[in-house]
Amino acid sequence: MKSSCAFPLQHYTRRAVEIIIEADAAALADRAAQIVLGELFRKPDLVLGLATGKTPVGLYERLRKQPTLFQKVRFFNLDEFHGLGPTDPDSFHSFFHQHLLNHVKHEAKNVHLFRGDMKDFEEEAKLVEDRIRVVGGIDLQILGIGRNGHVGFNEPGSSLGSRTRAKTLEPDTVAHYAAGGKTPPNHAITMGVGTIMEAKKCLMLASGADKADIICRMVEGPIMSEVPATALQMHPRAIVVLDEPAASKLKRGDFYKWVFANKWRVGQK
Ligand code: GLP
């Protein structure tokens, strides 16, 4: 039946946030890799925003199995600790090289990772915002979520319209990264919530029972700066991939599974 409505049907059938629930962390990584590879096949010079943390490590392991797909990709990242230069083993710069960039063919000129050792963070923030603009915006931004609801290093209370800037971190966030007796810096530079929201597509990953409460608030709670990740509810093309433990407190978990299983797919009769 032909619709007489002014908007295409997909405007009504598509949830702003698509929730995909997988059995475990390995299946989550498989699904995330499938989504990223799909975007790479569609656009070989994809502008890809990377995220740190334990959660996306399985995704990067899978992406490294396709080392030739990244030759034209433009890379950005979400955040970086203050004072950590690119060669510091604890920097996010090192993290991305260790988990992805050292294993895939890429052009050094296409790697735009934050420099945590920049004296002037305001200048660095402006530079990164300008670079994102010059390449036409982030096509796909990978995201994780902190147990306090942060996205990037946008801690609770961050303006939902914020731009790239320096932030003071919560003690728990710093503790999350403490390893081998070393305490990470209390400050970081991060893409703002508003900057992240301008990505054409966002792919958020969350794994484990310790994320269940915050995932429930992020997906089904009110949108508020107290939980910066709730801004994603307003994103037109956000995909949230969860494993069962992270999804365990969602009130409508079964509904999201049903929607995904019955999703209208291109070419479907
Ligand atoms: C951080 C990072 C975030 C990341 C989050 C979750 O603090 N700045 O970008 O998404 O922690 O980390 P994990 O995946 O280790 O739980």
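Sequential numbering from 1 along the given sequence is applied to the chain's residues. Start at 1 and go down the list; that is how both ligands and their atoms are numbered.
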_With a 4.5 Å cut-off on side-chain heavy atoms, are Thr195 and Glu129 touching?_
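Yes, at least one pair of side-chain atoms sits under 4.5 Å.
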*side-chain contact (heavy atoms from CB on, under 4.5 Å) between Val47 and Phe76: does it pass, once the steps are laid out?*
CA-CA 7 Å; Val47 180; Phe76 285 81; 3.8 Å; yes
*About how many Å separate CG of Leu250 and CZ of Arg252, when rounded to the nearest 0.5 Å?*
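Result: 8.5 Å between the selected atoms.
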*asked:* Rounded at 0.5 Å granularity, tell me how far CG in Leu140 sits from NZ in Lys200.
replied: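 It is 11.0 Å, given to the nearest 0.5 Å.
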*Which residues pass the ring pair (Phe, Tyr, Trp, His ring centres under 6.0 Å) test with Tyr177, sequence neighbours left out?*
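If we apply the ring pair (Phe, Tyr, Trp, His ring centres under 6.0 Å) test to Tyr177, skipping adjacent residues, the hits are Phe81, Phe92.
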*How about His112 and Phe75: are their ring centroids closer than 6.0 Å?*
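No, the ring centres sit 6.0 Å or more apart.
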Mind listing the N or O contacts between ligand 1 and protein, cut-off under 3.5 Å?
{"residue": "ligand 1", "atom": "7 (O)", "partner": "His150", "partner atom": "NE2", "Å": "3.0"}
{"residue": "ligand 1", "atom": "8 (N)", "partner": "Asp79", "partner atom": "OD2", "Å": "2.7"}
{"residue": "ligand 1", "atom": "8 (N)", "partner": "Gly152", "partner atom": "O", "Å": "3.1"}
{"residue": "ligand 1", "atom": "10 (O)", "partner": "Gly144", "partner atom": "N", "Å": "3.4"}
{"residue": "ligand 1", "atom": "11 (O)", "partner": "His150", "partner atom": "NE2", "Å": "3.4"}
{"residue": "ligand 1", "atom": "11 (O)", "partner": "Tyr177", "partner atom": "OH", "Å": "3.4"}
{"residue": "ligand 1", "atom": "14 (O)", "partner": "Lys54", "partner atom": "N", "Å": "3.2"}
{"residue": "ligand 1", "atom": "14 (O)", "partner": "Thr55", "partner atom": "N", "Å": "3.0"}
{"residue": "ligand 1", "atom": "14 (O)", "partner": "Thr55", "partner atom": "OG1", "Å": "2.4"}
{"residue": "ligand 1", "atom": "15 (O)", "partner": "Lys54", "partner atom": "N", "Å": "2.8"}
{"residue": "ligand 1", "atom": "15 (O)", "partner": "His176", "partner atom": "NE2", "Å": "2.8"}
{"residue": "ligand 1", "atom": "16 (O)", "partner": "Lys211", "partner atom": "NZ", "Å": "2.6"}

